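Down below is the structure, laid out as structure tokens.
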Amino acid sequence: MTPPPADPTPSLFPDAPDGPRIRVEVEPTATGTVLRLGGEIDMDTAHQLDTALGRALSDGGERRPLSLDLSEVTFCDSTGLNTLLRARQRALDRHVPLSITAVSEQVAHLLDITRTAPLFGLPPSRARRTSDGSRSRP
């Protein structure tokens with residue numbers, strides 16, 4: 001008996017207690033792997049992200065790029081940022097290109113104020129607009 005085909009974009013951790021606070025979808029591509037993240041990345045969910053990143057780095061093979069789409073992340077604290085930075089270091093150690101290809105406004109702000117955007121292949125923000133339309137520096 002042949003097993004059913006695998007879902008091309010499986011969601012990891014959909015059955016977390018109290019509903020999924022983080023969503024991780026893995027999409028293998030011809031040139032690498034894309035992880036699409038949604039929800040909250042904080043001290044309660046960072047271990048789930050760390051597990052997914054570890055799997056992607058292990059399963060992707062040598063030097064296959066890993067791209068992170070964070071466009072649907074609604075919250076990311078310092079624990080989440082630390083998880084991303086550790087994954088970047090693991091990727092560097094394995095000679096695997098890791099980049100962030102899309103970010104939500106909240107993640108963009110976090111990467112801007114911590115000046116870590118360039119570490120993930122994102123341009124640093126030159127200036128941010130405040131709610132009154134004036135410019136401010138991060």
Side-chain angles (χ1 to χ4, degrees):
M1 182 169 184
T2 305
D7 183 353
T9 58
S11 181
L12 303 177
F13 316 112
D15 299 320
D18 301 324
R21 292 188 48 224
I22 185 172
R23 187 183 74 258
V24 181
E25 295 174 353
V26 181
E27 180 183 341
T29 67
T31 59
T33 302
V34 176
L35 259 64
R36 297 186 199 292
L37 308 174
E40 301 173 9
I41 306 172
D42 58 21
M43 65 184 290
D44 293 329
T45 61
H47 67 283
Q48 296 169 332
L49 173 58
D50 191 53
T51 299
L53 288 166
R55 284 182 192 164
L57 287 169
S58 297
D59 295 346
E62 244 345 89
R63 299 189 177 140
R64 290 183 44 87
L66 177 59
S67 302
L68 306 178
D69 178 342
L70 308 179
S71 60
E72 294 184 26
V73 172
T74 57
F75 179 80
C76 184
D77 68 4
S78 61
T79 305
L81 177 60
N82 190 33
T83 302
L84 294 171
L85 290 169
R86 281 195 326 269
R88 177 184 175 273
Q89 186 58 54
R90 285 189 309 218
L92 286 171
D93 292 345
R94 294 178 176 153
H95 306 286
V96 174
L98 184 145
S99 62
I100 295 176
T101 56
V103 295
S104 64
E105 187 174 325
Q106 197 279 336
V107 173
H109 180 70
L110 176 66
L111 296 175
D112 284 346
I113 63 172
T114 59
R115 300 177 191 257
T116 55
L119 298 176
F120 295 100
L122 295 171
S125 172
R126 301 244 192 284
R128 299 187 65 82
R129 292 209 177 266
T130 62
S131 59
D132 66 359
S134 63
R135 291 194 174 270
S136 67
R137 301 292 294 169

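These figures come from a predicted structure and were not determined experimentally.
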Contacts of Asp42 meeting salt bridge (charged side-chain N to carboxylate O under 4.0 Å, His left out) (sequence neighbours excluded), chain-then-number -> Arg21
With sequence neighbours left out, the residues meeting side chain to side chain donor-acceptor pair (under 3.5 Å) with Arg86 are none
Kindly compute the distance separating NE2 (His47) from CG (Asp50), expressed to the nearest 0.5 Å.
9.5 Å
Nearest heavy-atom neighbours spanning Pro123 and Ala117:
O-CB, 4.1 Å
Could you work out, with side chain to side chain donor-acceptor pair (under 3.5 Å) as the rule, every residue matching Gln106, not counting sequence neighbours?
none
Distance check, rounded to the nearest 0.5 Å: Leu35 atom CG versus Ile100 atom CD1?
11.5 Å
For Leu85, the side chain to side chain contact (heavy atoms under 4.5 Å, CB included) test, sequence neighbours excluded, returns Leu81, Thr116, Leu119, Phe120
Please tell me whether Leu122 and Leu49 are part of a single hydrophobic cluster in this structure, the criterion being side-chain heavy atoms less than 4.5 Å apart.
yes
Would a 4.5 Å heavy-atom cut-off, applied to side chains only, mark Leu70 and Leu84 as touching?
yes
Taking all heavy atoms of Leu98 and all of Ala87, pick out the closest pair and write down the distance.
CD1-O, 4.1 Å
For a quick test of reading the model, state the closest non-hydrogen atom pair linking Leu66 to Ala56 and the distance between them.
CD1-CB, 3.8 Å
Mind running side chain to side chain contact (heavy atoms under 4.5 Å, CB included) on Val24 and Thr51 for me, showing each step along the way?
CA-CA 10 Å; Val24 181; Thr51 299; over 6 Å; no
Can you tell me which residue pairs pass the side-chain hydrogen bond (donor to acceptor under 3.5 Å, both in side chains) test with a partner in residues 66-79, sequence neighbours excluded?
Arg23-Glu72, Arg36-Asp69, Asp69-Ser71
Below 4.5 Å, heavy atoms only, C-beta onward: do Leu53 and Arg90 meet side chain to side chain?
yes
Not counting sequence neighbours, which residues clear side chain to side chain contact (heavy atoms under 4.5 Å, CB included) with Thr29? List them please.
Glu27, Thr31, Val34
Approximate separation, where rounding is to 0.5 Å, of Asp112 CG and Glu105 CD
10.5 Å
Tell me, do Ile41 and Val73 make a side-chain contact under 4.5 Å, heavy atoms counted?
yes
